[in-house]
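Working notes, beginning with the structure itself.
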Amino acid sequence: MEKRLVKKDELLRIVKKVGAEFNVFAPVRVEDNVLFKSLAPGEEPLLTFANTKNAPKGVFFPRTEVMIRYVRTPKGTVLKGVELEARDAVLFGVRPCDARSFVLLDLLFDQDKYKDPYYVAKREKATVVTLACTPVPYTACFCTSVGGGPVDGTGSDVLVTDIGDAYLVEFLTPKGERLVKYFGEAKATAEAENKKETAAKEAIEQIKSVIPAREVKPILDVSFDHPFWDTIHKRCLACGTCTYLCPTCHCFDISDEMKYDDGRRLRNWDSCMFPLFTKETSGHNPRPTQKERWRQRVMHKFKYYVDNFNAVACVGCGRCVMYCPVNIDIRKIVEDISKLQQ
Amino acid sequence: MQNPYVPYPVEVIKIVTEVDTKDIKTFRLAFVNKEDEERFKYLPGQFAELSLFGKGESPIGIASSPTNPGYIEFTVQKAGVVTTALHEMEEGTMMGVRGPLGNSWPIEYLEGKNIVVVGGGFAFTTLRAMIQYMLNDGNRKRFGKITTIYGARTPGLLIYKDELEAWSKRDDMELHVTVDKGDETWKGREGFVPTICKEVAPSAEDAVTVICGPPIMIRFTLPVFFDLGFSKENIYTSLEMRMKCGIGKCGRCNVGSKYVCKDGPVFSLAELDRLTPEY
Ligand SMILES: Cc1cc2nc3c(=O)[nH]c(=O)nc-3n(C[C@H](O)[C@H](O)[C@H](O)COP(=O)(O)OP(=O)(O)OC[C@H]3O[C@@H](n4cnc5c(N)ncnc54)[C@H](O)[C@@H]3O)c2cc1C
Ligand code: SF4
Ligand code: SF4
Ligand code: FES
């Protein structure tokens, strides 16, 4: 594995060089928010930030995207083209939790039987450069409970760790190694690697939020009808914030739109928190109240995903915890479930 | 990479209005490209997304059998946006089909067994496909005795009337057609499907039941079959959930950890017992 040492004031210049060849996505300040978005020409990414409000999954699975274009003809409306464009991209400054979410999304979108070509095309063209969390950004972070860590490289092609006086840059995959040439000639020293280990240990210690994320699975297996489900949802506004910000949520809607004779089929993020999500034309809704919808959200992340992919569908980023307008806290829910009496 | 979201172009070659209320029609579709027809290899019980550009898509069970090549058929009730647009279409129109999707009736498991087919209302579609499949000359000997019980509220609401007539003349299938309430011209049975099932009382020996119909019919019919000695492993049904992608990605049709679009729509009652009752 290639490793380089990069001086503190070099990193921005490196990103700029990369940007001359690749479409770079990175954290930038937009009004009051730090967002993960495509860098405009000349725009500089943030190097010190907590995490982006939106999850970088949007690069591969955009909030809205055109799938198909079609056109009206006298014999009916027919296919005009399929929108499958993907450019070589570098995602710079992804946090380890969000990089991990890509691996979880791959499990779903990149299966043997059905590959989602829109996701896979963009994902294959992208190189993920992760900026480790030294220090850990939020008290709501709980990545270590779900198999991740503040300096963990899962899902990353390159891992950049701030070791105080410099950055240690580790090229973890062949895709990542294509970027070595941008990062100078200074090889990593044993001292730098030691510093990284220390920084990683310190970061893990900074994480105070620990939840039994894996442990609740056998309890969830037998708790579908537990009265506990009556206790979570009552103040939920069904706003969908938790699912839209979540790096692992993947539900979407497909809809059609026509203007004159031209039309397009779009996919948009959707949310299991919305009442209409499962409502059928007959009026029947298998999840009629917010109670069933919240149960679905918890079950999907901590049981169904484990059943199907042997992975918890939460990376512990803390976004849903921090941004829920009525302070519903998934950490507390999981904690409570672990104590349920059967 | 094959794009599972892009429908195959098809032409509507025949439309049959099935019922006297005119809100259920059968659409016969022919593939525009021969290769697409070959790629669309299906079995009875599977479904497809009928795709109308500009309107949207609807998951609909395949009502025809692969033993009748050259076309595929769908029987559709007019319900909302897409199905209404379908009902307004004329023969000769181009549209799209995405699929085949989902699993099928458990053909391999059914082989060599006696088959009891129970249908109610217009949910008879993929059962009709199964019957066509079993009655096919080359296939008939793969299955034992076939007993079909099919009911609708009124004679005018029975679908596939010509085919029912033709089946009633065959001696290699027992057919019981019933209506809740007959009219002046109705000479057949009267009575609800569960009652007729009790009367017919098919033997549970080496037998499997496949059942589709309105939830209320299913609720009252199942106890009849349990009493006859059918186990939950030997009763199969097909579920409906709201769907979009049809391939287990959009996340809306799950029952427990199974996606009805991908792991279903056909499940045995034993399998359903292991899932959560959320459908
Ligand atoms: C596996 C399966 C097989 C089916 N087979 C048949 C059939 O053979 N004949 C038939 O008439 N109907 C069938 N249905 C029901 C049919 O899919 C809905 O009636 C239809 O999608 C309504 O669409 P719409 O656009 O007219 O209604 P709208 O209310 O305008 O539709 C909104 C969208 O919601 C979704 N949707 C709404 N209700 C349902 C539902 N019950 N099931 C699935 N998706 C839904 C569709 O994506 C639809 O495009 C089947 C459903 C499933 C899941
Ligand atoms: S469930 Fe909440 S904490 Fe977990 S990944 Fe999603 S937004 Fe982050
Ligand atoms: S963010 Fe909070 S209020 Fe909004 S849907 Fe999620 S749990 Fe409900
Ligand atoms: S319809 Fe999308 S997951 Fe089943």
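Per chain, numbering begins at 1; letters A, B, ... match sequence-line order.
Only the side chain of A/Gln296 comes within contact range of chain B, with at least one heavy atom under 4.5 Å from a heavy atom of that chain. For B/Cys245, the parts sitting under 4.5 Å from any heavy atom of chain A are the backbone and the side chain alike. With a 4.5 Å cut-off on non-hydrogen atoms, B/Tyr259 touches chain A through its side chain but not through its backbone. Interface remark: B/Lys258 contributes no atoms to any contact with chain A (heavy atom separation under 4.5 Å). Heavy-atom distances place no part of B/Glu90 under 4.5 Å from chain A, backbone and side chain included. Contact of B/Met241 with chain A is made through backbone and side chain together, with heavy-atom distances under 4.5 Å. Residue contact with chain A, scored on non-hydrogen atoms closer than 4.5 Å, involves the backbone of B/Lys55 exclusively. Both the backbone and the side chain of A/Val78 come within less than 4.5 Å of a heavy atom of chain B. At a 4.5 Å heavy-atom cutoff, the contact between A/Arg267 and chain B is made by side-chain atoms alone.
For B/Phe40 and B/Tyr42, the distance between ring centers is under 6.0 angstrom. With ring centers used as reference points, A/Phe61 lies 6.0 Å or more from A/Tyr119. Taking the six-membered ring where the residue is Trp, the centroids of A/Phe109 and A/Tyr114 are separated by 6.0 Å or more. Checked against the 6.0 Å centroid criterion, the rings of B/Tyr236 and B/Trp105 do not qualify as a close aromatic pair.
Among B/Ser257, B/Pro7, B/Gly251, the residue with the largest count of heavy-atom pairs under 4.5 Å with chain A is B/Ser257. Between chain B and the residues A/Gln111, A/Arg287, A/Met258, A/Met299, the largest count of heavy-atom pairs under 4.5 Å involves A/Arg287. For the set B/Asn254, B/Thr93, B/Val255, the count of heavy-atom pairs under 4.5 angstrom toward chain A peaks at B/Asn254. Contacts with chain A were tallied for B/Gly248, B/Gly96, B/Gly54; B/Gly54 has the most, counting heavy-atom pairs under 4.5 Å.
A distance of 13.0 Å separates OG1 of A/Thr243 from CZ of A/Arg319, quoted to the nearest 0.5 Å. Remark: B/Gln77 CD to B/Leu86 CG distance equals 12.5 Å, nearest 0.5 Å. Going from atom OG1 of A/Thr231 over to atom CD1 of A/Ile333 covers 8.0 Å, rounded to the nearest 0.5 Å. Distance check, rounded to the nearest 0.5 Å: NE2 of A/His300 to SG of A/Cys272 gives 8.0 Å. Separation of atoms CD (A/Glu215) and OG (A/Ser338) is listed at 8.0 Å; rounding is to 0.5 Å. Taking CG from A/Leu91 and OG1 from A/Thr127, the interatomic distance works out to 8.5 Å, rounded to the nearest 0.5 Å.
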Do any side-chain atoms of residues 46-53 of chain B form donor-acceptor pairs under 3.5 angstrom with protein atoms, and if so which ones, sequence neighbours left out?
| unit_1 | atom_1 | unit_2 | atom_2 | d |
| --- | --- | --- | --- | --- |
| B/Gln46 | OE1 | B/Leu43 | N | 3.0 |
| B/Gln46 | NE2 | B/Gly102 | O | 2.8 |
| B/Glu49 | OE1 | B/Ser58 | N | 3.4 |
| B/Ser51 | OG | A/Arg265 | NH1 | 2.7 |
| B/Ser51 | OG | A/Arg265 | NH2 | 3.2 |
| B/Ser51 | OG | B/Glu57 | OE2 | 3.0 |

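The aromatic rings of B/Tyr5 and A/Tyr118 are tilted relative to each other, their planes meeting at an angle between 30° and 60°.
Without hydrogens or angle criteria, A/Gln290 side chain to A/Lys234 main chain gives no donor-acceptor distance under 3.5 Å. A/Trp229 places a side-chain N or O within donor-acceptor distance of the main-chain N or O of A/Ser223, the cut-off being under 3.5 Å. Although no hydrogens or angles enter the test, the distance criterion places a donor-acceptor pair under 3.5 Å between the side chain of B/His87 and the main chain of B/Val76.
Identified by a heavy-atom distance below 4.5 Å to chain A, contributing residues of residues 19-34 of chain B are lacking entirely. Scanning residues 63-77 of chain A against chain B with a 4.5 Å heavy-atom cutoff picks out A/Met67, A/Ile68, A/Tyr70, A/Lys75, A/Gly76, A/Thr77, ordered by number. Of residues 248-256 of chain A, those residues with a non-hydrogen atom less than 4.5 Å from any non-hydrogen atom of chain B are, in numerical order, A/His250, A/Cys251, A/Phe252, A/Asp253, A/Ile254, A/Asp256.
Counting non-hydrogen atoms of neighbouring residues, nucleotides and ligands closer than 6.0 angstrom, the NZ atom of A/Lys175 exceeds 12 such neighbours. Sparse packing is recorded around CZ of B/Phe192, with 12 or fewer heavy atoms of other residues, nucleotides or ligands lying under 6.0 Å away.
A/Arg123 and A/Asp106 are joined by a salt bridge, as a carboxylate oxygen and a charged side-chain nitrogen come within less than 4.0 angstrom of each other.
Judged by distance alone, the side chains of A/Tyr244 and A/Asn54 never bring a donor and an acceptor atom under 3.5 Å apart.
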